[in-house]
Amino acid sequence: MEEESQQGKERGCRCGRTKCLKQYCQCFRNDIRCTSDCVCSDCHNDGKHEEKRIEAIRHIRMNNPSAFKGTALELEDQEVTTPKGGKKTVRGCRCKRSKCQKKYCECFSAGIPCTSNCVCTDCAN
DNA sequence: GAGTTTGAAACT
DNA sequence: CAGTTTCAAACTC
């Protein structure tokens, strides 16, 4: 009883302003659709607006060819195998206050140490 | 449970 | 290209 003791499901996003059509949304970032566990409002990632979802992706890519951090961090995505058996692609974090010791860190969240692509300050990993 | 903090994405 | 703002989630109280 270490983890998985809060609610046992809550794995959905709470987006309500971006409609899960931005990288802010964990679901959208993972390229997955929102589920009943999500408590997002006006969610366009529920599959009912699949066309809108794809259009939003194109819009982001059109306005931002680099999408997000990409450029300096997406040099080489590090594929790591999590203890649970799931392979996750981590690009690199930019933590400076949490020292990559909190879930805020993309690397720590994935359960792996920071890589050379990370530009974190005082990295504890 | 509500509020604060942190990191990253989006916009200017 | 850099800085600022916004967004959503994590963390703290």
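We name chains A, B, ... by the order of the sequence lines, and we start the count at 1 in each one.
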Item to check | side-chain contact (heavy atoms from CB on, under 4.5 Å) against A:Thr35, all qualifying residues, sequence neighbours excluded | outcome: A:Asp37, A:Cys38
Next on the checklist: Measure NZ/A:Lys96 against P/B:dT5 and give the value in whole Å, please.
Outcome noted: 16 Å
Checklist entry - At under 4.0 Å between heavy atoms, what does A:Cys13 touch on the DNA or RNA strands: base, sugar-phosphate, or nothing? => result sugar-phosphate
Item to check | Between C1' of B:dT6 and CD of A:Glu106, the distance in whole Å | outcome: 12 Å
Next on the checklist: Show every salt bridge (charged side-chain N to carboxylate O under 4.0 Å, His left out) that has at least one partner inside residues 109-125 of chain A, sequence neighbours left out.
Outcome noted: A:Lys99-A:Asp122
Next on the checklist: I'd like the 5' and 3' limits of the part of DNA chain C contacted by chain A, with heavy-atom contacts below 4.0 Å.
Outcome noted: C:dT6 to C:dC11
Kindly list each side-chain donor-acceptor pair under 3.5 angstrom involving residues 41-50 of chain A, sequence neighbours excluded, with atom names and distances?
unit_1: A:Asn45; atom_1: ND2; unit_2: A:Ile32; atom_2: O; d: 2.7
unit_1: A:Asp46; atom_1: OD1; unit_2: A:Lys48; atom_2: N; d: 2.9

Next on the checklist: Using whole Å, what does the distance between atom P of nucleotide B:dA9 and atom CD1 of A:Ile57 come to?
Outcome noted: 16 Å
Next on the checklist: I'd like to know if the side chain of A:Arg29 and the backbone of A:Gln23 have a donor-acceptor N/O pair within less than 3.5 Å.
Outcome noted: yes
Item to check | Interatomic distance, A:Arg94 CZ vs B:dA10 C1' [rounded to whole Å] | outcome: 12 Å
Item to check | Pairing residues for A:Lys103 by the side-chain contact (heavy atoms from CB on, under 4.5 Å) criterion, not counting sequence neighbours | outcome: A:Phe108
Next on the checklist: For A:Lys102, give me all partners under side-chain contact (heavy atoms from CB on, under 4.5 Å), at least two apart in sequence or on another chain.
Outcome noted: A:Ser98, A:Tyr104
Item to check | Interatomic distance, A:Arg97 CZ vs B:dG7 P [rounded to whole Å] | outcome: 8 Å
Checklist entry - Over how many whole Å does the gap from A:Arg14 atom CZ to B:dG1 atom P extend? => result 13 Å
Checklist entry - For the pair made of CD in A:Gln101 and C1' in B:dT5, what is the distance, rounded to whole Å? => result 16 Å
